[in-house]
Amino acid sequence: MSFNLAELNLADHAFTVPGSSYIMALDSGTTSVRALIVDEYDDIVAQASKPISVSYPASGWVEQDPMEILASQIAVMAEVQFKSGIHSDRIAAIGISNQRETCVVWDRDSGQPIYNAIGWQCRRTAPIVEGLVEAGYEEMIREKTGLKLDPYFSATKIKWILDNVSGAREAAEAGELMFGTVDTWLIYNLTGGTVYATDYTNASRTMLFNIHTLDWDDELLAMLDIPRSMLPEVRWSSGDFGHVSSEVMTHMPPITGVAGDQQASFFGHCCFERGDTKNTYGTGCFMLMNTGDEVVRSDNGLIATIGIAEGGKVSYALEGSIFHAGSVIQWLRDKLAIITDAAETADIARSLSDNAGCYLVPAFSGLGSPWWDPTARGIIAGLTAASDRATIVRAACESMAYQSYDVLHAMEADAGVKLESLSVDGAASRNEFIMQFQSDLLGIPVVQSESVETTALGAAYLAGLAVGYWEDREELAQNHARGRRFEPQGDAEDTARYLAGWHDAVARTRTVIE
Ligand code: ADP
């Protein structure tokens, strides 16, 4: 294990209460893996993280080494115990949140992966997807899985491995292979191969899972020629996923919480009721709206997914994403070189009292929901001789709020729900200008999470509920510390003018390139 004891901050001991117990949350992300220790008041008392590598072996291909993911995850689990002085005898339970859709296939006997993990961003299966579209499967897939037929989801990645790795198809048919998303890969290995399972939220991202019957779907499996024997058992997100083996943690705590990262964050925000909605402002934006027991069919290209699977009940969600959000700020820094640090953008934007009619539409790789125009390209509209760096920085900041407005507005229309407030997290949610502007546009309060770690907290909540560490959702909601709240202050006329200007600029991106 590659952590350095000399670098550990043992002062973390001061935060812990002797004798009390804690929850460990694992956050297995795309570019780093982390382990956090959470106390009963939701406070994160220690954490450790380690970057993991991503490789791009061909254009549009994305791979990761499953062994590196596993070894790094185990390393940070050990590191956080040393750091905090909280060892496995005081860990009441472990929760896992993970990058979704990424596909690992391994040999049942040896436990060795037969190919690298194929990452969620990987586009290599586009030809398989085109074949499925031509064969007329799109509607059936949407009906059963809630998803849009796309290489993003795991199913076509599994098929690619079976079709392209020598001997894989025969081995799969002989029942010798196991598939898992990253949660399953971790659970299987952390429990010493005794538990082969995933949870409903991760299963709902594979494009093989029927979100109505809550089971793997034979028609989808037949469509892609994937044997059922290579699929894990699907369990509730809060419940029994076995015990960590003594080789990994001496006192073998139980794993009792599992959810895909966006769903973990959704739970971490306590979005328990129909209509509750969160938006994560990171490189892109990820929005989830709780639609209760209804699978909402979107007219705006949003997907339906399992949002929460806890307490013997599934809550569905509408999910929308924006490709370029915080990345626009990175673009200002790295390509235009007009800022040096993302943190300065709020003050620069606020130095102007108005956007002076200037709009930046970051359709760098087309327009997503609700427009769905892959050929659209970005634009800065409304420049005058008076426009300067601040004008462009403000337009870039505003673009995150407008894009989120459009998706949230579409969600409201699809679900027939009126948003009452928006819970936010992610690095760009710390930008006070953007959050105020978002609140003004939507006309509802925008509420920051106090902790930036809502994903890890959600995994901890799920694990803690299963072992009685927290009693119920009510207790979680009461404990849950909310951060700053932005109340709408915008003048209705200004808001209408801003939105009209934005939509005019969006329309222009669609005619720039045919
Ligand atoms: P991810 O998990 O997607 O990597 P983060 O939540 O760490 O993302 O967010 C990183 C993104 O947020 C970067 O694209 C960065 O440009 C943007 N960002 C960070 N701080 C700010 C800020 N104060 N204002 C606007 N954007 C920001």
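Here the structure is a predicted model, which means the values were calculated and not measured. Remember, it's 1-based here, ligands and their atoms both numbered in the order they're listed.
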Between Asn300 and Asp414, is any side-chain donor less than 3.5 angstrom from a side-chain acceptor? yes
Aromatic ring pairing Tyr461/Phe267, orientation class (parallel under 30°, perpendicular over 60°, tilted between): perpendicular
Residue shell around ligand 1, heavy atom under 4.0 angstrom: Gly282, Thr283, Gly326, Ser327, Ile329, Gln330, Ala342, Ala343, Thr345, Gly426, Ala427, Ala428, Asn431
Please assess Ile23 against Tyr469 for the test side-chain contact (heavy atoms from CB on, under 4.5 Å), listing each intermediate value before the final yes or no. CA-CA 8 Å; Ile23 303 290; Tyr469 189 79; 3.6 Å; yes
Do NZ/NE/NH1/NH2 and the carboxylate oxygens of Glu63 and Arg124 come within less than 4.0 Å? yes
Does a donor on one side chain and an acceptor on the other come within less than 3.5 Å for Ser53 and Glu68? yes
Quiz question: by atom type and distance under 3.5 Å, do the side chains of Asp65 and Asn116 form a donor-acceptor pair? no
